[in-house]
Amino acid sequence: MSLRKVNISILIVAVVIFLLVLHHNFLGLSDFLKRELTDSSPLGLQPIDFIPAVPQRLADARDDKEISVVIAASDERLGGAIAAMNSIYHHTRSNVVFYIVTLNDTVDHLRLWLSNTALKNLRYRILDFDPRVLEGKVQVDPQKADTLKPLTFARFYLPNLVPHAEKAIYVDDDIIVQDDILELYNTPLKPGHAAAFSDDCDSTSNKVAVRGAGNQYNYIGFLDYKKETIRKLAMKANTCSFNPGVFLANLTEWKLQNITKQLEKWMTLNVVEELYSRTLAGSITTPPLLIVFYKQHSSIDPMWNVRHLGSSAGKRYSPQFVKAAKLLHWNGHFKPWGRTASYAEVWEKWYVPDPTGKFSLIRRHSEAYEAK
């Protein structure tokens, strides 16, 4: 065999090997991209953004412990979520990762707000919530279809939102944190408990009256005890309720007990049987949680959910108490970004103006108008 033929044979073998290696790497890359881009659960929770790399100087300054915090961010309340995340980030040295659940039409707005302001160093992941998940589980009045807020149900799907975490904190978007979130994360949960809430009877702020809501400090304020399905559960009507706007979840226990499926079961039953109290003041997420976690939840420190700041425009707490609170919660109609709200100046310290100008504080326009 001539030297020329040998060289050609070697070249052919080398080309074949190169093509095989290239093919193998392409398949590997294809599988990786497929996992990253289609890593959506059957529940329609689609990852949009990935956690950005933390600058080394910031990574060195923060503890290694990673804390998962889930928060919903709707477009009309986006400023609330921004202020909440900013307050959490600035009060801890822990590696907090925010899992921001939103709707598809809000993604671009949220991304711009996070990347073009002082919040650019936050570690976060944006998840697109598909409202179709709720079909057959939520009773919708055709005349009030626009009042349904799909993102309020995101808390029901925590293991799908944070699939690899053992624990996660859920917070509403109308809160401000004034202490290290690590303390809340380290709240001890009793064996077999999948979550810890702030009980209304133990709350430092449980004496406020919520107009039109009946008794919102026990189960009868949320569930219709005239219905046989509720009576069969043998839950005492005067059992203290809890607030689901801030809680810690043991996701391992949550999955073991199929908490999400249990919640969906009661949502579906309510569509058929109308099990929730008719005096309920707007909250349709609390009743199924109360049923599923009846006498099966731990408690968080009441100072980690000082609430009812949004129940009226007046100030009901002393400045000293507000300052001492670890977490302030503006649940109720009077939000801190609205025209009138109590302790709005406390909330506004953590608000970061929207660089796009789409979201603005309503009261500022009102005050500017009155000043003219």
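Treat the numbers as computed from the prediction; the structure is a model and nothing was measured.
- Under a 3.5 Å cut-off, the side chain of Glu264 and the backbone N or O of Lys137 do not form any donor-acceptor pair.
- When side chains are defined from C-beta on, Lys335 does not count as touching Trp347, because their heavy atoms never get closer than 4.5 Å.
- Between Tyr351 and Phe359, the ring planes are tilted. Angles from 30° to 60° get that label.
- If you check the side chains of Glu66 and Tyr185, you find no donor sitting under 3.5 Å from an acceptor.
- Minimum heavy-atom separation, Ser87 to Val177: OG-N, 3.0 Å.
- Under a 4.0 Å N-O distance rule, the pair Arg155/Asp172 qualifies as a salt bridge.
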- [ ] For the pair Ile100 and Leu114, evaluate side chain to side chain contact (heavy atoms under 4.5 Å, CB included) and give the outcome as yes or no after the intermediate values.
- [x] CA-CA 11 Å; Ile100 313 169; Leu114 291 170; 3.8 Å; yes
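- In this structure, Tyr99 and Ser68 have side chains that are in contact, with non-hydrogen atoms separated by less than 4.5 Å.
- Defined by atom type and a distance below 3.5 Å, a donor-acceptor pair is missing between the side-chain atoms of Trp113 and Thr356.
- A salt bridge links Lys149 with Glu76: at least one charged nitrogen is closer than 4.0 Å to a carboxylate oxygen.
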Task: Val306 and Phe321: CA distance, side-chain angles, deciding distance, side chain to side chain contact (heavy atoms under 4.5 Å, CB included) verdict - done: CA-CA 10 Å; Val306 173; Phe321 179 74; 3.6 Å; yes
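- Partners of Asn116 by side chain to side chain donor-acceptor pair (under 3.5 Å), not counting sequence neighbours: none found.
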Task: Verdict with reasoning, Val162 to Tyr170, per side chain to side chain contact (heavy atoms under 4.5 Å, CB included) - done: CA-CA 11 Å; Val162 197; Tyr170 172 85; over 6 Å; no
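- Taken from CG in Asn86 to NE2 in His91, the straight-line distance is 9.5 Å, to the nearest 0.5 Å.
- Scanning all heavy atoms of the two residues, the minimum distance from Ser94 to Asp180 falls at OG-OD1, 4.5 Å.
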- [ ] Verify side chain to side chain contact (heavy atoms under 4.5 Å, CB included) between Leu309 and His329, making sure each step is shown before the conclusion.
- [x] CA-CA 6 Å; Leu309 274 71; His329 190 180; 5.7 Å; no
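- Inter-residue side-chain proximity for Tyr219 and Lys236 is flagged as unmet; no heavy-atom pair is nearer than 4.5 Å.
- Classification of the Phe242-Phe293 ring pair by plane angle, with boundaries at 30° and 60°, yields perpendicular.
- With a 4.5 Å cut-off on side-chain heavy atoms, Thr286 and Tyr276 do not count as touching.
- Between the CD1 atom in Ile291 and the CE atom in Met235 there is a gap of 5.0 Å [rounded to 0.5 Å].
- With salt bridges taken as basic N to acidic carboxylate O contacts below 4.0 Å, none links Lys227 and Glu273.
- In this structure, Ser299 OG and Asn305 CG are separated by 12.0 Å, a value rounded to the nearest 0.5 Å.
- With hydrophobic clusters built from ILVMFWY side chains whose heavy atoms lie under 4.5 angstrom apart, Leu269 shares a cluster with Tyr294.
- For the pair Ala154 and Val101, the tightest heavy-atom approach, listed with the atom from each and the gap, is CB-CG1, 3.9 Å.
- Ring pair Phe197/His297 is perpendicular by interplanar angle, where above 60° counts as perpendicular and below 30° as parallel.
- A salt bridge is defined here as a Lys NZ or Arg NE, NH1 or NH2 lying under 4.0 Å from an Asp or Glu carboxylate O, and Lys232 with Glu228 meets this definition.
- You'll find the side chain of Asp301 reaches within 4.5 Å of the side chain of Glu183, heavy atoms only.
- Put simply, the side chain of Asp75 does not reach to within 4.5 Å of the side chain of Leu103, judged on heavy atoms.
- Under a 3.5 Å cut-off, the side chain of Thr102 and the backbone N or O of Ala73 do form a donor-acceptor pair.
- Linking Ile, Leu, Val, Met, Phe, Trp and Tyr whenever their side-chain heavy atoms come within less than 4.5 Å puts Val292 and Leu233 in one cluster.
- Under a 4.0 Å N-O distance rule, the pair Arg307/Asp200 qualifies as a salt bridge.
- One finds the NZ atom of Lys261 at 13.0 Å from the CD1 atom of Ile259 (value rounded to the nearest 0.5 Å).
- Side-chain N or O atoms of Glu253 include none that pairs as donor or acceptor with a backbone N or O of Ala195 at under 3.5 Å.
- Atoms CG and CG, on Leu151 and Leu134 in that order, are 9.5 Å from each other to the nearest 0.5 Å.
- For the pair Ser198 (side chain) and Asn243 (backbone), a donor-acceptor distance under 3.5 Å is absent.
- A distance of 10.0 Å separates CG in Leu189 from CD1 in Ile300, rounded to the nearest 0.5 Å.
- Pro159 approaches Trp254 most closely through the heavy-atom pair CG-CD1, 3.3 Å.
- Residues Phe334 and Thr340 meet the side-chain proximity criterion, which asks for heavy atoms closer than 4.5 Å.
- Contact between Trp337 and Gly80 at its shortest, heavy atoms only, is CZ3-CA, 3.5 Å.
- Ring orientation note: the planes of Tyr217 and His308 are nearly perpendicular, at an angle over 60° on the 30°/60° scale.
- Between Pro287 and Asn270 there is no side-chain heavy-atom pair separated by less than 4.5 Å.
- Minimum heavy-atom separation, Ala81 to Ala72: CB-O, 4.0 Å.
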